[in-house]
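Read through the structure below, which is laid out as structure tokens, and then see the notes.
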Amino acid sequence: MAWDTEMALAIKNTARKAAKSLPKGWYRAEVLQVTPKLIFSVVSKEFQFSTGDGLIMTATAKSKTWKVGMQAAAILQGSELLVLDSL
């Protein structure tokens with residue numbers, strides 16, 4: 001659990017330093033819907049990922065109370081989106 005928290009803090013600090021840009025291979029994901037399924041989108045809402053359909057979250061991200069419009073640092077790999085933490 002401590003490793004997950006340390007990773008989340010490192011991600012947040014990196015994202016803040018980079019201002020609007022994230023490290024190469026990372027994306028800024030946006031929450032489109034919270035209920036009945038949590039849905040994130042990336043790349044101008046072109047790709048959408050929901051709970052049980054390609055959305056993977058770290059323990060830190062799962063513990064967040066997400067609201068529509070919130071943003072997160074995420075890694076897109078094939079047909080899956082790994083949400084790391086909120087920005």
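Residues: numbered from 1 along the sequence shown. The model shown is predicted, which means the values in this text are computed figures rather than measured ones.
Considering all non-hydrogen atoms of both residues, Ala74 and Leu81 come closest at CB-CD1, 3.6 Å. Listed here is the closest heavy atom pair of Gln33 and Val68: CA-CG2, 4.1 Å. Across all their heavy atoms, Leu55 and Thr51 have their closest contact at CD2-N, 3.8 Å.
Residues Ile39 and Ile75 do not share a hydrophobic cluster, defined by chaining ILVMFWY side chains whose heavy atoms lie under 4.5 Å apart. Under a hydrophobic-cluster definition in which Ile, Leu, Val, Met, Phe, Trp and Tyr are linked whenever side-chain heavy atoms come within less than 4.5 Å, directly or via other members, Val42 and Met70 are assigned to the same cluster. Cluster annotation: Phe47 is connected to Phe40 through the hydrophobic network of ILVMFWY side chains, with a link wherever side-chain heavy atoms come within less than 4.5 Å.
Distance CD1/Ile56 to NZ/Lys62: 9.5 Å, rounded to 0.5 Å. Between Gln71 atom CD and Glu30 atom CD the span is 6.0 Å, to the nearest 0.5 Å. Going from atom CG of Leu82 over to atom CE of Met57 covers 9.5 Å, rounded to the nearest 0.5 Å.
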Val83 vs Trp66, test: side chain to side chain contact (heavy atoms under 4.5 Å, CB included). Steps then yes/no. CA-CA 12 Å; Val83 174; Trp66 294 100; 4.3 Å; yes
Tell me, with the steps shown, if Phe49 and Leu76 meet side chain to side chain contact (heavy atoms under 4.5 Å, CB included). CA-CA 10 Å; Phe49 301 88; Leu76 180 61; 3.3 Å; yes
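Contact check on Asp85 versus Lys64 returns a salt bridge, with a Lys/Arg side-chain nitrogen under 4.0 Å from an Asp/Glu carboxylate oxygen.
Between the Ser50 side chain and the Leu38 main chain, no donor and acceptor come within less than 3.5 Å of each other.
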